[in-house]
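Side-chain atoms are counted along with the backbone in the values below, which use heavy atoms only and exclude waters and symmetry mates. Naming: A, B, ... by sequence-line order, numbering from 1 per chain.
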Amino acid sequence: MRQRTLSWLSSRVTGASNKDSTDFHFLVVLRSIMTKLLQWLLGVSVVGLAWGLLTFDLLDLQLPHAYREVVWPMPVYFLVVFGCYSLATVGFRVATFNDCEEAAKELQAQIQEAKLDLQKKGLKF
Amino acid sequence: MASRKSSTKTRGDNDKYSVLLPTYNERENLPLIVWLLVKYFSESGYNFEIIVIDDGSPDGTLEVAEQLQKIYGEDRILLRPRAKKLGLGTAYIHGMKHATGNFIFIMDADLSHHPKFIPEFIEKQREGEFDLVSGTRYSGNGGVYGWDLRRKLISRGANFITQVLLRPGASDLTGSFRLYKKEVLERLVEQCVSKGYVFQMEMIVRARQLGYSIGEVPISFVDRVYGESKLGGNEIVSFLKGLLTLFATT
């Protein structure tokens with residue numbers, strides 16, 4: 001198992017394709033069994049748990065007060081940052097969406113050429 | 001470099017590409033797309049056949065296809081008509097039954113997908129031994145023609161949400177200009193049940209799930225030259241439904 005894990009990791013790190021290799025790391029298996037919904041639920045609950053533990057100091061770590069002040073509004077910060085990132089990304093991609101004017105012109109010219117050639121070959125439109 | 005080139009050449013000699021063209025009322029476009037396909041396949045020298053799957057078009061698409069068959073030969077143009085309009089997935093299954101190629105191209109017959117990209121798909125596939133190569137409007141030199149701001153915004157927004165939720169490992173999920181290994185397409189079509197835009201998305205998401213490798217080629221998408229393409233509220237609702245279904249089931 002350890003050997004397999006190492007080889008899986010090394011193939012990951014070197015970026016080598018593990019398409020043909022037969023090793024099955026449990027994370028890979030887990031990822032293919034879990035639906036995206038479950039992956040999200042798992043992720044959100046892990047982060048939520050960590051947040052709850054720190055905010056309400058459930059483990060009695062006696063963290064300095066300043067730490068907790070920083071941690072408790074984190075979900076809101078995160079949502080705001082993610083929202084901004086989303087808007088910026090989509091906005092940028094809309095603005096830089098290629099308008100393929102050339103491709104359209106080329107196609108129109110080829111359509112004329114094709115029609116003439118097909119008529120010559122005997123096609124009745 | 002030279003040795004690599006010659007090895008791809010010999011490997012390529014056995015490859016044959018079957019282009020599946022599902023049509024419905026494409027009387028005007030079909031001769032043009034076929035002409036372009038023949039042009040680019042002939043120029044690049046790859047072996048090919050074109051399979052027209054017409055779903056009983058009332059405008060006489062099939063009649064035009066028969067004329068094209070006479071012009072280009074029965075080994076190049078195959079007709080696999082069906083009596084009425086059925087789903088895209090079954091059209092692929094139906095077309096593939098008689099396909100003699102080991103690779104399958106799927107594309108729209110309405111000229112929004114230009115056959116000039118076909119050699120690039122093939123080169124990309126060989127370069128990485130990919131199980132499927134997907135045309136993408138969203139990366140590299142890819143792009144669209146004939147979309148207004150609203151259409152671009154919806155498209156980019158929907159794509160972003162999909163990327164976040166599904167992390168599919170491909171940049172264009174709803175595009176339908178793709179090259180598949182035949183056995184890969186057969187396996188995928190069996191598994192996919194969605195309709196419309198979501199069908200193409202499900203195909204690529206399931207491909208990733210099954211561990212198939214995906215290559216991408218930037219394409220320019222020239223929106224329908226003839227006829228109208230619509231993107232209304234209904235399409236958006238069915239897209240969101242499909243997205244959530246995939247989110248919960250894959």
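- Most heavy-atom pairs under 4.5 Å with chain B, from the set A/Gln110, A/Lys121, A/Glu106, A/Glu101: that is A/Gln110.
- Ranked by heavy-atom pairs shorter than 4.5 Å toward chain A, the options B/Pro31, B/Gly146, B/Ser155 are led by B/Pro31.
- Scanning residues 57-67 of chain B against chain A with a 4.5 Å heavy-atom cutoff picks out B/Val64, B/Gln67, ordered by number.
- For the pair B/Arg126 and B/Glu123, the salt-bridge criterion is not met [side-chain N within less than 4.0 Å of a carboxylate O].
- At distances below 3.5 Å, not a single donor-acceptor pair connects side-chain atoms of B/Asp108 with backbone N or O atoms of B/His113.
- A/Thr96 and B/Arg156 are not linked by any side-chain donor-acceptor pair at a separation below 3.5 angstrom, with hydrogens and angles left out of the test.
- You'll find the ring centres of B/Phe117 and B/Tyr40 outside the 6.0 Å limit.
- Distance alone, capped at 3.5 Å, is enough to place a donor-acceptor pair between the B/Ser238 side chain and the B/Glu235 backbone.
- Between atom CH2 of residue B/Trp147 and atom CZ of residue A/Phe97 there is a gap of 5.0 Å, rounded to the nearest 0.5 Å.
- Heavy atoms of B/Val205 lying under 4.5 Å from chain A are absent altogether.
- Under 3.5 Å, the side chains of B/Glu216 and B/Ser134 contain no donor-acceptor pair of N or O atoms.
- For residues 242-250 of chain B, heavy-atom neighbours of chain A at less than 4.5 Å comprise B/Phe247, B/Ala248, B/Thr249, B/Thr250, sorted by residue number.
- Ring centroid separation for the pair B/Phe105 and B/Phe48 does not come in under the 6.0 Å cut-off.
- Note: B/Lys116 leads B/Arg208, B/Lys116, B/Arg137 in heavy-atom pairs under 4.5 Å with chain A.
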(message) Run the salt bridge (Lys or Arg N to Asp or Glu O under 4.0 Å) test on B/Lys39 and B/Glu43 for me, step by step, so that the C-alpha distance in whole Å, both residues' side-chain angles and the decisive distance to 0.1 Å come before the verdict.
(response) CA-CA 6 Å; B/Lys39 173 181 157 77; B/Glu43 280 174 8; 3.3 Å; yes

(request) May I have the step-by-step check of side chain to side chain contact (heavy atoms under 4.5 Å, CB included) for B/Arg167 and A/Lys36, ending in yes or no? (result) CA-CA 9 Å; B/Arg167 279 172 288 125; A/Lys36 285 288 181 301; 4.0 Å; yes

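- Taken from CG in A/Asp57 to CZ in A/Arg68, the straight-line distance is 5.0 Å, to the nearest 0.5 Å.
- Of the atoms belonging to A/Phe82, it is side-chain heavy atoms, and not backbone ones, that fall under 4.5 Å from chain B.
- Contact count versus chain B (heavy atoms, under 4.5 Å) is highest, among A/Thr89, A/Leu38, A/Val94, for A/Val94.
- For B/Tyr138, the part sitting under 4.5 Å from any heavy atom of chain A is the side chain, from C-beta outward, and nothing else.
- Considering CD of B/Glu26 and CG of B/Leu111, their distance stands at 8.0 Å, rounded to 0.5 Å.
- Contacts between A/Glu102 and chain B at a heavy-atom distance below 4.5 Å are absent for every atom of the residue.
- Of the atoms belonging to B/Lys70, not a single heavy atom falls under 4.5 Å from chain A.
- Nearest heavy-atom pair across B/Asn159 and B/Ser171 is ND2-O, 3.0 Å.
- Contacts between B/Arg27 and chain A at a heavy-atom distance below 4.5 Å involve the side chain alone, from C-beta outward.
- Between B/Gln69 and B/Arg76, the side chains place no donor N or O within less than 3.5 Å of an acceptor N or O (distance only, hydrogens not considered).
- Taking 4.0 Å as the cut-off between side-chain N and carboxylate O, B/Asp131 and B/Arg187 do not count as a salt-bridged pair.
- Only the side chain of B/Ile71 comes within less than 4.5 Å of a heavy atom of chain A; its backbone N, CA, C and O stay farther away.
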